2 protein chains.
Amino acid sequence: MSTRKTERANALADALARRGVLHLRDAAALLGVSEMTVRRDVGTMPDRFAYLGGHIVSADDIAGGYELGREADSHANAKFRACAHALKLIAPDDTVFIDCGSTLDHLAQQIPADLIITVICYSLNVAQRLAEKPHIRMIMLGGIYHPASATFSSGEWLEPLGRFGINKAFISAGGVDVERGASCSHFHEVPIKQKAIASALESYLVVDDSKFGIVKPAYFARLSDFRAIITEAGAKETADA
Amino acid sequence: MSTRKTERANALADALARRGVLHLRDAAALLGVSEMTVRRDVGTMPDRFAYLGGHIVSADDIAGGYELGREADSHANAKFRACAHALKLIAPDDTVFIDCGSTLDHLAQQIPADLIITVICYSLNVAQRLAEKPHIRMIMLGGIYHPASATFSSGEWLEPLGRFGINKAFISAGGVDVERGASCSHFHEVPIKQKAIASALESYLVVDDSKFGIVKPAYFARLSDFRAIITEAGAKETADA
DNA sequence: CCTGAAATGTTATTTTTGTAACATTTTTTT
DNA sequence: AAAAAAATGTTACAAAAATAACATTTCAGG
């Protein structure tokens, strides 16, 4: 086997690791050889590359058979329904705060593309969902990225957050306990959640039923701080006030 | 959305989880519909399935953000290669600023997952790419979302941006002209680009050759403000200084 | 039941991709 | 350096796939 071919194979594998797929003609341009040569290369290394109708993908991408990583969100359905209830509270022209977490991902996702509102968020996932809806005005609080929760945090935004005219704040929690209130796993989220709750006209806690009775390390609010707690069963007003 | 379509999508995803790839005609046989319908299904769910010349694969198999519209980015390859050159300038532990635009998307994408650097950005696309690389420290400038360029802007971050210890700034432009300098289409990006250039130790303009001779409405820098201009052909130092 | 809209299927046409044969270049061997 | 071998490029043709236009079916209100 020639050294040239090996070099090309490595360059190809490299590019595939970054881009996922490569069209035959792009691969040829990238490697500086003809399409025919790329085709021949790929054809002789079926264990490294797979060739699908003019496109090259890494062979183990399409290995099939074993499906390890994808652990489905166990309570996805409950979360989805909880958010469907939350969605009913949002009216045109509202300014809403959407907290982070997989639960509120569903809320961002469910917002109709033609509902014109302003949304304030600080989670990358929520932002991605909102970015797909061109009519939504989005304000994102930036800062340092926290991979564990896909959120940003910074001192810069705390003060401005208090000045936005937030109508409704939708907050999630990792744990909800009647005595110990609402809590989450990441301390950096606490000031943001608290500021949002404090400055919003109405705050709602959106969680699925599995969160009740759980206490996480970072406490951030009493249950009575919320107008209602929204679960898959609907909105329950908080007892006291 | 019809329930049939959803059922088919799930069945397809199922089959793909087992087999990795499915040829169009096999998928059609499996689902009991015509090839045309499968094509239409897959085409309308680009986030679940990828369609490569007659073959269907699960979209997250080929993650890495491949743009499916083949003509979506005519200069993708030039941009890709320009960014490959830019990447060589980044050293471990650098603090780099990455501008917005489809060109620098490729840069964010190509950063090796094990290269430990700090990145400052303000584009949603760049942030998404960086979020996939857990070792990268990311700081995102938030603010109001601008759908046209998938960027955020706000006065809050301008001053802090000047205080970050930016080593290298990678800037893109919609137009590059020897006399009229570097320009872009969106005015809100101008203060951010300028601040980044001003506070970075070294700034680089990363563009593909097709941008030369073009002048866009929003001027933001002289060519001599950059240490070099990086294109698919490599880095050219700016003539004057 | 109708009726219209949406979904699906069919067909013909254009475009893209695959293949094979052969020409050319590069490398290796002597 | 010449000859042989390998690798690569080119071309023309065959096959497959993409697309668009139109026909048909299905399904939800009225």
Side-chain angles (χ1 to χ4, degrees), chain A residues 1-16 19-59 61-62 64 84 110 112-114, chain B residues 1-16 19-59 61-62 66-78 80-81 232:
Chain A
M1 284 295 160
S2 96
T3 263
R4 287 274 175 75
K5 187 168 165 184
T6 312
E7 272 172 28
R8 288 201 304 264
N10 291 336
L12 231 192
D14 236 45
L16 286 175
R19 304 224 314 195
V21 202
L22 220 50
H23 194 279
L24 183 64
R25 84 174 120 267
D26 296 330
L30 184 74
L31 303 175
V33 294
S34 74
E35 299 187 359
M36 194 64 213
T37 297
V38 178
R39 223 185 239 120
R40 287 196 265 236
D41 280 3
V42 169
T44 55
M45 294 180 277
D47 42 314
R48 294 190 68 183
F49 307 109
Y51 189 33
L52 304 177
H55 306 261
I56 304 162
V57 301
S58 153
D61 272 359
I62 58 165
Q110 287 179 51
D114 57 349
Chain B
M1 281 301 159
S2 97
T3 267
R4 287 272 175 75
K5 187 168 164 182
T6 310
E7 274 170 25
R8 287 201 305 264
N10 291 336
L12 233 193
D14 243 41
L16 286 176
R19 305 200 21 189
V21 206
L22 218 52
H23 194 278
L24 183 64
R25 88 177 111 263
D26 297 329
L30 183 74
L31 303 175
V33 294
S34 73
E35 300 189 358
M36 194 64 203
T37 298
V38 178
R39 221 184 240 122
R40 287 196 264 237
D41 279 3
V42 169
T44 56
M45 295 181 277
D47 40 313
R48 294 190 68 182
F49 307 109
Y51 189 33
L52 305 177
H55 305 263
I56 305 162
V57 300
S58 154
D61 274 357
I62 59 166
Y66 180 68
E67 290 305 323
L68 270 134
R70 208 170 315 168
E71 262 64 57
D73 188 350
S74 52
H75 298 280
N77 199 261
F80 180 86
R81 284 185 290 162
E232 60 266 45

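Keep in mind that this is a model prediction, so the values were computed, not measured. In what follows, every chain begins at residue 1, and chains take the letters A, B, ... in the order their sequences are listed.
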Exercise. Contact class for B:His23 (heavy atom, under 4.0 Å): base, sugar-phosphate, or nothing?
Worked result: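 Contact class for B:His23: sugar-phosphate only.
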Length of the [atom1]-[atom2] vector between [X] and [N], whole Å:
X	N	atom1	atom2	value
B:Arg39	C:dA7	CZ	P	19 Å
B:Leu52	D:dA17	CG	C1'	13 Å
B:Glu35	D:dT19	CD	C1'	14 Å
B:Arg8	D:dT26	CZ	P	14 Å

Exercise. A:Ser34 or B:Met36: which one's nearest nucleotide on DNA chain D is closer to the 5' end?
Worked result: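 This one resolves to A:Ser34.
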For this session: Find which nucleotide of DNA chain D each of B:Leu24 and A:Val38 is nearest to by heavy atoms, and output the residue with the more 5' nucleotide.
Result: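 Comparing both residues, the 5'-ward one is A:Val38.
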Problem set entry | Separation of B:Arg8 CZ from B:Leu31 CG (nearest 0.5 Å) |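 Separation between the atoms: 7.0 Å.
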Problem set entry | Euclidean distance, B:Leu24 CG relative to B:Leu52 CG, rounded to 0.5 Å |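 It is 12.0 Å, given to the nearest 0.5 Å.
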Exercise. Looking only at heavy atoms, what is the nearest atom pair of A:Ser34 and A:Ala28, with distance?
Worked result: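 Where A:Ser34 meets A:Ala28 most closely, the heavy atoms are C-CB, 4.0 Å.
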For this session: State, to 0.1 Å, how close A:Phe49 and A:Ala9 come at their nearest heavy-atom pair, and which atoms those are.
Result: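 Heavy atoms of A:Phe49 and A:Ala9 come nearest at CZ-O, 3.4 Å.
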Compare side-chain N and O positions of [X] against OP1 and OP2 of [N] and report whether any pair is under 4.0 Å apart.
X	N	result
A:Arg40	C:dT19	no
A:Tyr51	C:dG18	yes
B:Arg25	D:dA16	no

